[in-house]
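One structure below.
Labels below follow one simple rule: chain letters A, B, ... track the order of the sequence lines, proteins then strands, and each chain is numbered from 1. Scope of the values below: all heavy atoms of this structure, side chains included, with no hydrogens, waters or symmetry mates.
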Number of protein chains: 2
Amino acid sequence: MNFSIRQLEIFLSVAKHQSVSKAADQLCLSQSAASASLQNLEKSYGVSLFDRQGNKIKLNAIGHTLRKEAETLFAHCQQFDDALKRHADIGHLRVGASFTIGNHLVVRYLADYLENYPDADVQFETANTPDIVAKVLNYEVDVGMIEREVQHRELELIPWKEDELVVFCSASHPLAQKGVLKDKDIKEARWILREPDSGARFTFDRALAGLLPDIEIYREFKHNEAIKSAVESGLGIGCLSKVVLQNDFRNGDLVPLTLANRDMTRTFYFALPKQRHKKAAVEFWVELCRKMR
Amino acid sequence: MNFSIRQLEIFLSVAKHQSVSKAADQLCLSQSAASASLQNLEKSYGVSLFDRQGNKIKLNAIGHTLRKEAETLFAHCQQFDDALKRHADIGHLRVGASFTIGNHLVVRYLADYLENYPDADVQFETANTPDIVAKVLNYEVDVGMIEREVQHRELELIPWKEDELVVFCSASHPLAQKGVLKDKDIKEARWILREPDSGARFTFDRALAGLLPDIEIYREFKHNEAIKSAVESGLGIGCLSKVVLQNDFRNGDLVPLTLANRDMTRTFYFALPKQRHKKAAVEFWVELCRKMR
DNA sequence: TAGTCAGTATCGATTTTATCGATACTGACA
DNA sequence: TGTCAGTATCGATAAAATCGATACTGACTA
């Protein structure tokens, strides 16, 4: 590779102004430097880009052809320059969170984050836990927030906060009066649950181990809202994180049910690519979330 | 623009090998130079591209993202490098010729040209005269070969050789016996001619000035072959360059007719963009064609 | 636990490249 | 025949790339 980006820039400017002096002015460069740079480019490839006659300089056939290509290349260089600068931007951050965490917790922290980094370009997306993990490993997000442990050589997990699943039914459901469920109730109920890939389902399955084969899974949904609606309309009973249900319990739309001797607690985690130096933005985000717990 | 193509190359090589030493080897560079270059890139943008831990170095999230972009950019640079080299190629030449010149004269010279420049990348195309002129002015061909004068500030015309149009008919046509046409014959004949943009038609119109309004143009075609076929099948009489007709006259398939006092001669020209230094290949081509006249 | 190895970063020296200011050359124009 | 605006060239200097030598690090091993 026998040319420099600077030469490209000088070539383009001279071509545009049809003048070495004007190009030099525009680039804040001495005329002699511009002239020399241009000649170096031509000499090193044995190509003549301009016709020179006395004090005139004019693009020739090859110059015309190469100018077009040089323009796109230079633009491409500028794009890369931008990309480098963008990544240096203080505060730039991409967060990927599971549905439950994302929709009920993270959204509340964004405002606080942006107070500290007013110009930051913060991207935020939700998906289920395996998808978030994949995005972290693929460097598509800087930090993931997930609902269960995941083992991976390239993944660093940082515990964030404890959570608890709650079984619930509609206010008018027969079990609503009972409050506490026995194994018999569990087996007889029609369950409305999250899909098997979800963190909530993972914890549910673990907590109900032993009873699982006898449980009737009446419907599976991918989103918490769907489950709440279904349960509210009396279709069955559900099991979701308490963070999703607080408002509904307070309003009386839904009623919590207690399971004896079943551990429904779990831990939320940050999931980061295992690297030595975390971006300042990531460190700040993790600290912020911890404070807000 | 705060990065160099060299830095790009070094970054990509280190990313590929996950090792500064290996990258340095591949690039025939000392390890220290590679290390310094990489660090300069990172420092000048305030970005960290790799995680360094003791004697290990490993691409981090930003590095991953930027690697992809750097790859396409570097490929783009290589393309441009190629383009520069290609244009430096000795012998590289793009010739555009009018149909008549191209198909009957130029094709015979190409072999001689390639004897001198065995590895040359020679491109050759035919079109009618205005299109060839446009291509010359647009730097799409290095040299045009056309059948008549064209005025343009940016165009340099170099006369090449004299040519002559010949009127002809089929051997079985009534006029074939006559040999010489009078004005009356010209008006009564059914003419089969090239399209108005063509060089042959331009000369024909000039030569027959005064009679034009009375002439019956029975058919117009864009290609000489079509006219010859039509005339041969007795559809009418034609008028084309002698270079197109020599074989047919010799075989007796077509018969030349003489017009009294009509000047059907014309000049073929080279058409070049007006520039001071012509490429050696162009100069050589022009000389070659002159010798072959 | 000390020694080796393969890797990285750092240092000072040297070479190459970029840039500058001054000056010489060129053609157009008054 | 100057003047002007442009280009190329020259020598000097500043900046950058590269080198070889060396110091540091962590993994492995005797």
Side-chain angles (χ1 to χ4, degrees), chain A residues 1-60 63 74 77 81 84 153 274-277, chain B residues 1-60 63 74 77 81 84 153 274-277:
Chain A
M1 206 75 61
N2 234 332
F3 68 96
S4 68
I5 299 177
R6 185 60 161 166
Q7 283 176 320
L8 220 56
E9 191 174 19
I10 292 173
F11 165 49
L12 287 173
S13 185
V14 174
K16 178 174 153 197
H17 294 105
Q18 300 276 7
S19 152
V20 177
S21 323
K22 293 208 184 73
D25 278 356
Q26 190 210 324
L27 299 171
C28 298
L29 191 67
S30 73
Q31 177 269 331
S32 63
S35 174
S37 171
L38 194 59
Q39 285 178 75
N40 272 344
L41 179 63
E42 293 182 284
K43 212 159 77 182
S44 68
Y45 282 93
V47 177
S48 133
L49 268 8
F50 292 87
D51 275 355
R52 289 146 166 104
Q53 178 157 22
N55 64 351
K56 290 259 181 306
I57 192 165
K58 180 151 179 280
L59 217 53
N60 67 17
F74 188 69
C77 289
D81 183 67
L84 277 163
R153 206 164 35 84
K274 222 175 219 162
Q275 10 186 87
R276 194 153 189 72
H277 296 293
Chain B
M1 206 76 59
N2 235 333
F3 69 95
S4 68
I5 299 176
R6 184 62 161 166
Q7 283 176 321
L8 219 57
E9 192 175 17
I10 292 172
F11 164 50
L12 287 173
S13 185
V14 174
K16 179 174 153 198
H17 294 104
Q18 300 275 7
S19 154
V20 176
S21 323
K22 293 210 185 71
D25 278 357
Q26 191 211 325
L27 299 172
C28 298
L29 192 68
S30 72
Q31 178 269 333
S32 62
S35 174
S37 171
L38 194 58
Q39 285 178 74
N40 271 343
L41 178 63
E42 293 180 283
K43 212 159 75 181
S44 68
Y45 282 92
V47 176
S48 131
L49 267 7
F50 292 86
D51 274 355
R52 288 143 168 105
Q53 179 154 21
N55 64 351
K56 290 259 181 305
I57 191 164
K58 182 151 175 281
L59 218 51
N60 67 16
F74 189 68
C77 289
D81 183 67
L84 277 163
R153 206 165 35 83
K274 223 175 220 163
Q275 6 187 90
R276 193 153 190 72
H277 296 294

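Rounded to whole Å, atom C1' of D:dG6 lies 10 Å from atom CD1 of A:I57. What separates CD of B:Q53 from C1' of C:dA6 is a distance of 16 Å, to the nearest Å. Nucleotide C:dG27 holds its C1' atom 17 Å from the NZ atom of A:K58, rounded to whole Å. For B:R52 and D:dC24, the CZ to P distance is 19 Å, given to the nearest whole Å.
Here the SG-CG distance, from A:C77 to B:L8, works out to 8.0 Å after rounding to the nearest 0.5 Å. Here B:L38 contributes atom CG and B:R52 contributes atom CZ; the two are 5.5 Å apart, rounded to the nearest 0.5 Å. The CG atom of B:L27 sits 8.0 Å away from the NE2 atom of B:H17 when rounded to the nearest 0.5 Å. If you take CZ on A:R6 and CZ on A:F74, they are separated by 9.0 Å, rounding to the nearest 0.5 Å. Rounded to the nearest 0.5 Å, atoms CG (A:D25) and OG (A:S30) are 10.5 Å apart.
Both A:V20 and B:S4 lie near DNA chain D, and the one whose nearest nucleotide falls closer to the 5' end is A:V20. Projected onto DNA chain C by closest heavy-atom contact, B:Q18 and A:A34 fall at different nucleotides, the more 5' of which corresponds to B:Q18.
Among the atoms of the strands shown, none is found under 4.0 Å from any heavy atom of B:S37.
Side-chain contact of A:Q39 with A:S35: a donor-acceptor pair under 3.5 Å is present, judged by distance alone.
Between B:R6 and D:dT18 there is a side-chain N or O to OP1 or OP2 distance below 4.0 Å.
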Report each atom pair, protein N/O against N/O of nucleotides 9-13 of chain D, whose distance is under 3.5 angstrom.
unit_1: D:dT9; atom_1: OP2; unit_2: A:Q39; atom_2: OE1; d: 2.9

